[in-house]
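To start, the structure itself, in structure tokens.
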Amino acid sequence: MTRMEHPLPAQQNAGAARKAEGFATPKQDDKPQCARMLPKRVLPVIFLPGIMGSNLKMSVERQSLLKRSDNIAWRPDVLGPSNIHEASNLSPAERQLMLDPAHTAVDIYDPSGRSHVSGDGRHGNVDLRPDFNSPLLKDDPPTMRNRRSAAQKARARGWGEVFFKSYGELLQHLESRLNDTFFEGKLQPAWRDVIGVDPRAWMADPGLALQTLGEEELKKVVNGCWFAVYAFGYNWLRSNGESAKIIARRIELVIADLNASGYECNQVIVVTHSMGGLVGRALIHPAYGNLAERIAGIVHGVMPAIGAPAAYKRMRAGFEDAGLMHGAEESLAAKVAGNFGHEVTAVLANAPGGLQLLPSESYGNGWLRVQHGGKILDTWPKQGDPYKEIYKLRGKWYSLFVEEWINPCRLSRTEGGGDFERTCQFLDVAQSFHQRIAGTFHPISYAHYGADGGRQSFGEVVWAIDTHCPDPAGWEDWPTLVDSMQGKVQLVRWDPKACKPALPIMANAITKPVHAQILAPAAPGDQTVPAKSADFQLKSGSFKGVFRQTGYEHQSSFKDPRAIASTLYSIIRIAQTAQWSCT
């Protein structure tokens, strides 16, 4: 879109046709004014965040039970020095009650509601940079009736639904760059990091030959087209298939509203981060979103395409020491999510969405291991079924679930409480979801992700029995004496063959305890998703371009210049294929 000299704001009027707006100006203002008519074509860009990237509110019932003064269930943007201690020290029971998929919903902006419940106060996380410049998101003139600020317009597009301190930079970058490309016929200098640049500069995989994007190609795409950037949160506690159905309805509504206002809008472009990629794939699957015709293409960022062993590790040992590897905002969010296994399990064992981040059948065999003195004692899965062989395994010290951690609030099933059997039902949903989307990718897909040997991830989870125990015979059945909830267990070494049924287990125990602990991650990736999982996209043969990058951590990936440049490149390539009826 070409920028004009002294432009008056362009308006999208809900329920009204496109029109140029006129405003009164002071008599002494003799500068030429240009009334802007919005482009006829609109190609919205829909951003889908990762797990914990969407803001959630809780039900009135749950707010009352927890005796909370507000209904915020998850909103990491509000975390800071004054409340991080309180938030990070919530008990597992409180976490389970606050983050219950049956009692949470996306916290959506409603300016007609109370400011600190649904309006500008609650969504004050959308704080635009002073240098943010989008021709389509500007403050209305003071003389305009019902004037809105640029931030309010951004909130109406869902920007306040997501973790803005993490994603706000990307949203502003896409909005300003895509709608401000040429000025007086000349390419804007900001685009020089994309136009005329060999995609190999952003670490494009050489197996998929990508051509340099030319200035004339960009001009043809953006001429007369408006790229409105939206952010759609989703309830990441619920199944990603369910979220895809809801997002599909929202996309259809955006398209219908734009067409009703006199624009031509036939499709959208979807940009995803992490778990949002699973939602994006479900968007085009007939069993879920069934929206393939409405999506021109998808750009996937750091997607765990076949799951990540880190999900197992976090339910046994909590989130990693976020302060050592994340930015400040991401570190706070990770601390609140849980630094201990029982804190994370209390949430994710009761959340179908979170369980869908576990490695799927496509991940393969042998990623869970027990070793002693460097020698592998056993590995799982063996027959390609991690749901049966790992996730539903009971009573072992290396099982995924410590069952007493699942329902710390002690609610009954009828009250919404969980137990191991209900978690197994959620695992069945996860398995079905994984199987359905295993080969589902949009035919015009692009991806970028971390394949960094210096940012190691859990490609496998390895429990190592300490070498103070010279003979680990019978290790499979050793009971747990103490669990640190951070990846280290103290086991009682005993011989089950010598144990008489009438005697307690401890009677035949070897008195000196044995320790086993989860070893540090050792696979290349982005400190969360191993390259093995992300590379499934490259190996699928379904992608037009894949960028295997280095230099960023998972949650902060969209703050990296190469990730942003490759995303812009991918969006323009997708836009070249968009379907239009007008010329």
Side-chain angles (χ1 to χ4, degrees), residues 1-4 7 10-21 35-48 134-137 153 156-158 174-175 177-182 185 211 213-232 244-245 247-272 280 283-286 288-299 441-446 542 544-545 567-583:
M1 179 175 176
T2 302
R3 191 173 64 180
M4 302 177 183
Q11 302 297 324
Q12 177 197 350
N13 299 283
R18 297 181 309 125
K19 65 179 182 179
E21 299 283 356
R36 185 197 307 278
M37 177 70 75
L38 284 177
K40 183 171 179 57
R41 293 175 174 174
V42 184
L43 186 55
V45 176
I46 311 295
F47 176 70
L48 303 179
S134 167
L136 303 166
L137 288 182
K153 296 175 185 179
R157 294 215 207 133
L174 295 182
E175 174 71 28
R177 292 283 294 273
L178 291 169
N179 295 297
D180 191 9
T181 52
F182 292 90
Q211 301 299 313
L213 185 64
E215 189 172 320
E216 289 303 313
E217 289 182 286
L218 176 66
K219 186 176 294 184
K220 186 176 181 180
V221 167
V222 302
N223 186 33
C225 186
W226 167 31
F227 295 83
V229 177
Y230 292 78
F232 285 170
K245 294 178 182 179
I247 296 294
R249 291 195 290 269
R250 294 186 70 179
I251 289 175
E252 290 280 25
L253 183 59
V254 166
I255 292 174
D257 285 349
L258 288 168
N259 282 296
S261 297
Y263 305 98
E264 182 187 1
C265 179
N266 303 317
Q267 296 174 298
V268 303
I269 295 173
V270 175
V271 177
T272 75
L283 269 177
I284 64 173
H285 195 285
Y288 301 114
N290 195 27
L291 211 63
E293 296 299 318
R294 288 299 203 183
I295 297 175
I298 302 181
V299 183
F441 296 102
H442 194 282
I444 305 177
S445 290
Y446 291 80
S542 301
K544 300 297 184 182
T567 298
L568 285 166
Y569 173 92
S570 302
I571 288 173
I572 297 301
R573 287 300 188 201
I574 293 171
Q576 289 177 314
T577 71
Q579 301 171 7
W580 304 105
S581 61
C582 61
T583 58

| query | Partners of Tyr446 by ring pair (Phe, Tyr, Trp, His ring centres under 6.0 Å), sequence neighbours excluded? | reply | none

| request: Under the ring pair (Phe, Tyr, Trp, His ring centres under 6.0 Å) rule, collect the residues that match up with His442, sequence neighbours excluded. | output: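 Listed in chain order: nothing, the list is empty.
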
Taking the side chain as everything from C-beta on, heavy atoms only, tell me whether [X] gets closer than 4.5 Å to [Y].
| X | Y | value |
| --- | --- | --- |
| Val222 | Phe227 | yes |
| Gln579 | Glu264 | no |
| Leu174 | Leu568 | yes |
| Asn179 | Glu175 | yes |
| Ile571 | Arg177 | no |
| Gln576 | Lys220 | no |

[X] to [Y] - nearest heavy-atom pair and separation:
| X | Y | value |
| --- | --- | --- |
| Ala578 | Leu43 | CB-CD2, 4.1 Å |
| Trp580 | Val42 | CH2-O, 3.4 Å |
| Leu258 | Pro44 | CD1-CG, 3.8 Å |
| Glu252 | Arg294 | OE1-NE, 3.1 Å |
| Leu291 | Ala248 | CD2-CA, 3.8 Å |
| Thr272 | Phe47 | C-CE1, 4.3 Å |

| field | Given Asn290, Val270, Ile295, the one that forms side-chain contact (heavy atoms from CB on, under 4.5 Å) with Ile284 | value |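 Of the listed options, the one satisfying the test is Ile295.
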
| request: Identify the residue among Leu48, Val45, Val254 that makes a side-chain contact (heavy atoms from CB on, under 4.5 Å) with Tyr230. | output: Val254

Nearest 0.5 Å, what's the [atom1]-[atom2] distance between [X] and [Y]?
| X | Y | atom1 | atom2 | answer |
| --- | --- | --- | --- | --- |
| Ser570 | Ile298 | OG | CD1 | 12.5 Å |
| Gln267 | Ile46 | CD | CD1 | 12.5 Å |
| Leu178 | Leu218 | CG | CG | 9.0 Å |
| Tyr263 | Lys40 | OH | NZ | 10.0 Å |
| Ile574 | Ile269 | CD1 | CD1 | 5.0 Å |

| request: For Arg250, enumerate each residue passing the salt bridge (charged side-chain N to carboxylate O under 4.0 Å, His left out) test, keeping only those at least two apart in sequence or located in another chain. | output: Glu161

| Counting heavy atoms not belonging to Lys219, are there more than 12 under 6.0 Å from its NZ? | yes

| said: For the backbone of Cys265 and the side chain of Asn259, can you confirm whether one donor and one acceptor N or O come within less than 3.5 Å of each other? | reply: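 Yes.
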
| message | Under the criterion side-chain contact (heavy atoms from CB on, under 4.5 Å), I'd like the reasoning laid out for Ile251 against Phe232: C-alpha separation, chi angles, the key distance, then a yes or no. | response | CA-CA 9 Å; Ile251 289 175; Phe232 285 170; 4.0 Å; yes

